[in-house]
Amino acid sequence: MYHINKSSEGLIAVQKDTRISPPLARFDLDFVIYWSKLLMGLLFGFSSYMIMRVSDLTFFLMVPLLVIAALLITFLIVRYYDRKYNVGLPQKKIIKRSLMYTGTYFLAFVTIATLAFYWGA
Amino acid sequence: MSVKHRTKLIFVLTVIGVVALPVFVIVIPSQQPFGLPLDVDYLTEGPYAGNFMVTDNIGKILIVNETLDVLWESDVPERFVHEAEMMPNGNIMVADTAPGRVIELNISDPDDIVWEWDPANPDHINWTELAITAGWNQRALDYVQNPSGDWAHTNDAEWVNGTKLGRTYDSLMLSLRNFDLILEVNYSDTREVIWWYGEPRNHQILNHQHNPDIRDNGNIIICDSENRRILEVNYTTKEVVWRFRLDFPFGELRWARDCDDIGNGIFMITDSNNGRVFFVDRDEGRIIQEFGGWYLAQPYEADYIEIDGKKWILVGDSPSTAITLIDPESDLFTVYGFPGIPNYLRLFVGLFSFYYLFMFSSAFLSFKEIKLLERFKKREVYRELTLLVLSILILIFVGSLYRYLVEFGLWEIMDNAIHAWAVSG
């Protein structure tokens with residue numbers, strides 16, 4: 001894709017747009033973060049139950065550790081997205097975006113951990 | 001829905017949640033005679049036959065009828081009391097957990113202590129002598145000689161009929177949870193130790209056990225709670241003759257605190273943190289019937305009783321602040337008392353679900369121009385729908401949510417907090 005820039009003096013410059021736009025809505029960053037957090041909540045919720053079955057790690061260590069892991073993974077996803085599509089997000093925005101949908105993560109985590117606990121008696 | 005309306009909704013739901021907390025947890029439970037029932041017995045003999053004897057963890061022993069009218073009450077036991085048993089002489093033997101003592105209360109005078117055994121009283125027991133006789137290691141000796149904090153945590157006192165065993169004396173089988181020890185002491189003024197099983201701090205033998213029972217053949221059944229197993233020990237040889245545990249990934253016992261021999265080769269186990277009571281075929285080591293799950297929060301002890309010729313399972317479930325009577329044939333149950341804590345949790349998660357229902361509805365209705373199925377593809381709609389489904393699932397399994405939190409580390413904090421509260425009283 002090319003952009004045509006017209007200056008005030010009437011000079012015309014043709015510039016190649018190097019940004020790659022996501023082709024479909026499902027590659028929208030918001031969409032990616034939402035599903036990442038939801039799936040990580042479900043996966044880590046189930047893992048928390050399994051970890052408890054094989055170790056003595058307490059709730060107060062395990063839950064924050066898994067949250068940090070989830071946030072770190074989201075951070076990497078956002079950064080990867082930013083580089084792949086040349087969005088040009090500043091570091092601050094990448095961090096802010098990584099924190100999005102953390103509530104969804106917690107709800108998914110608690111739900112699946114509780115269900116795993118119920119059926120895994 | 002605008003952000004302003006959303007904020008208003010959150011505010012209203014928060015107010016309901018905050019106001020309901022003291023109502024559900026303090027006001028309504030105060031309308032009933034007991035707070036946190038641990039051990040509940042059905043009395044079959046004596047003047048109070050046909051009624052329930054309740055050990056209220058708040059520090060009371062009560063005898064109540066089916067309509068929860070108090071027929072007898074004693075405030076002598078301290079906060080944190082775990083167990084009471086009607087003696088053949090009509091008095092009540094109590095495991096008074098916070099001070100670690102065992103006391104016999106006079107049925108005619110609830111304030112009168114007829115007999116007492118105190119682990120901290122050198123006239124009642126000489127720990128050094130017992131440690132040497134038993135061959136305990138230095139670590140065990142250090143523990144029993146230095147009382148501090150929740151030192152003994154005596155959680156059970158079981159009366160042993162000496163005549164039935166061909167003895168000239170009766171005795172008491174005591175469980176000292178934090179000693180990892182079961183002691184049998186002479187029920188007399190001498191109070192000598194007749195038998196023991198376990199060694200303080202040696203968790204290979206026992207680990208914070210509960211409710212030892214004598215079977216008719218003389219063997220002792222012990223809930224080795226934190227080793228996640230049930231043991232049957234030969235009284236004479238102290239050999240483990242039967243062991244029951246559930247192995248990963250086929251489930252696991254979580255803090256089993258009671259096991260009774262109910263006859264026909266069946267043991268009834270109270271699996272507290274799994275919120276269930278189940279029958280096990282002793283010979284096959286297999287669960288044959290299970291009760292609870294969603295309607296029991298954290299049962300402490302269950303008895304297999306007979307009322308008017310029909311069998312029932314009587315359960316003391318302290319977080320439910322209620323007594324539960326289960327029909328083993330139909331799995332239907334009756335609750336005596338108000339289950340304040342689980343009901344509050346249900347309300348709390350229910351408010352969450354209501355919030356997400358509202359959010360989902362308003363998102364769904366905001367796309368009126370789009371076909372019904374197409375609306376679900378909209379991010380605003382499916383996001384709220386997902387959260388609504390998750391919150392409803394939590395609402396359904398709210399009982400196991402409580403146990404999940406307990407198992408995951410709240411247990412130790414709760415135990416220490418309760419003991420601190422008991423001592424402060």
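In the text below, chain A, chain B and the rest are named by the order of the sequence lines, each starting its count at 1. This one's a predicted model, so the numbers in the text were calculated from it and none came from an experiment.
- Only the side chain of A:F109 comes within contact range of chain B, with heavy atoms under 4.5 Å apart.
- Here A:Y118 is the residue among A:Y101, A:F60, A:Y118 with the most heavy-atom pairs under 4.5 Å with chain B.
- Between the CG atom in B:L405 and the CZ atom in A:F117 there is a gap of 9.5 Å [rounded to 0.5 Å].
- Annotation for B:F367: atom CZ counts as buried by contact number, over 12 foreign heavy atoms lying within 6.0 Å.
- Between B:V389 and A:T111 there is no side-chain heavy-atom pair separated by less than 4.5 Å.
- Heavy atoms closer than 4.5 Å to chain B are found in the side chain of A:L115, but not in its backbone.
- Under the 30°/60° scheme for interplanar angles, the aromatic rings of A:Y34 and B:Y382 are found to be tilted.
- Sparse packing is recorded around CD of B:Q204, with 12 or fewer heavy atoms of other residues, nucleotides or ligands lying under 6.0 Å away.
- The number of heavy-atom neighbours closer than 6.0 Å to CZ of B:F333, taken from other residues, nucleotides and ligands shown, is above 12.
- Contacts between A:L38 and chain B at a heavy-atom distance below 4.5 Å involve the side chain alone, from C-beta outward.
- For B:S400 against A:T114, the heavy-atom pair with the smallest separation is OG-CG2, 3.5 Å.
- Here the shortest heavy-atom pairing between B:Y404 and A:A113 reads OH-CB, 3.0 Å.
- Atom CD1 of B:I288 has more than 12 neighbouring heavy atoms from other residues, nucleotides or ligands inside a 6.0 Å radius.
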Test B:T386 against A:T104 for side-chain contact (heavy atoms from CB on, under 4.5 Å), laying out the working first.
CA-CA 9 Å; B:T386 311; A:T104 304; 5.6 Å; no

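- Only the side chain of B:R276 comes within contact range of chain A, with heavy atoms under 4.5 Å apart.
- The CE atom of A:M52 lies 4.0 Å from the CZ atom of B:R254; values are rounded to the nearest 0.5 Å.
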